[in-house]
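One structure is given below, encoded as structure tokens.
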Amino acid sequence: MKKILLINGPNLQLLGVREPSIYGNVTLPQIVEDLRNRASAQGVELADFQSNSEGAIVDRIAAALTDGTEGIIINPAAYTHTSVAIRDALAAVKIPAVEVHLSNVSSREEFRNKSLTAPVCRGVIAGFGAQGYRLALQALLEKW
Ligand code: DQA
């Protein structure tokens, strides 16, 4: 069975209560359940991981090298704009990754315009709220 790893970075455990006008009302468990059901309908297993810690995210990406992960959907959240370590981890494992942002980061503060992680991902989906995760799953499934 193919396996996709979903990674969510800092503060995304607060989805549903965190600035709903920007990030929407859907909670992270709802996003994970929806994505897992959709993946499973296509014969794909979805593993999920959320952490507020940069090092833990780096470790989880490295672990993907040996646990059969064939695709990564990642919302690095604030680390998108700061983390050389997460970028290097994604580049190191060379597993096709899609970067997701709930909000349209390009239309927000200038510091959100720069993504350190996007250049090592296959593509970026931003601005479509929780639907972005579904689009990322579709992109990975269609690439296969
Ligand atoms: C985010 C955008 C980031 O700039 C922000 O730090 C987040 C969430 C998004 O999904 O829109 O935490 O990645």
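What you see is a predicted model, and the numbers here were worked out from it, not measured in a lab. As the structure lists them, so they are numbered: ligands from 1, and atoms in each ligand from 1.
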Salt bridge (charged side-chain N to carboxylate O under 4.0 Å, His left out) between Glu70 and Lys2, intermediate numbers included = CA-CA 7 Å; Glu70 292 181 63; Lys2 287 187 181 299; 3.3 Å; yes

Is the backbone N or O of Ala39 less than 3.5 Å from a side-chain atom of Gln42, with the two atoms forming a donor-acceptor pair by type?
-> no

Quick note, side chain to side chain donor-acceptor pair (under 3.5 Å) partners involving residues 44-57, not counting sequence neighbours, are Gln13-Gln50, Arg36-Asp48, Gln50-Asn52, Glu54-Ser83

Indicate whether the side chain of Asn75 and that of Tyr133 have a donor and an acceptor atom separated by less than 3.5 Å.
-> yes

Okay, side chain of Arg87, backbone of Leu116: is any donor-acceptor separation there less than 3.5 Å?
-> yes

Can you list every pair where an N/O of ligand 1 is under 3.5 Å from an N/O on the protein?
unit_1, atom_1, unit_2, atom_2, d
ligand 1, 4 (O), His81, NE2, 2.7
ligand 1, 4 (O), Arg112, NH1, 2.8
ligand 1, 6 (O), Ala78, N, 3.2
ligand 1, 6 (O), Arg112, NH1, 3.1
ligand 1, 10 (O), Asn75, ND2, 2.8
ligand 1, 10 (O), Leu102, N, 2.8
ligand 1, 11 (O), Leu102, N, 3.3
ligand 1, 11 (O), Ser103, N, 2.9
ligand 1, 11 (O), Ser103, OG, 2.6
ligand 1, 12 (O), Arg18, NH1, 3.1
ligand 1, 12 (O), Arg18, NH2, 2.9
ligand 1, 13 (O), Asn75, OD1, 2.8
ligand 1, 13 (O), His101, ND1, 2.8

Taking Glu99 for its side chain and Ala118 for its backbone only, find out whether a donor-acceptor pair lies under 3.5 Å.
-> yes

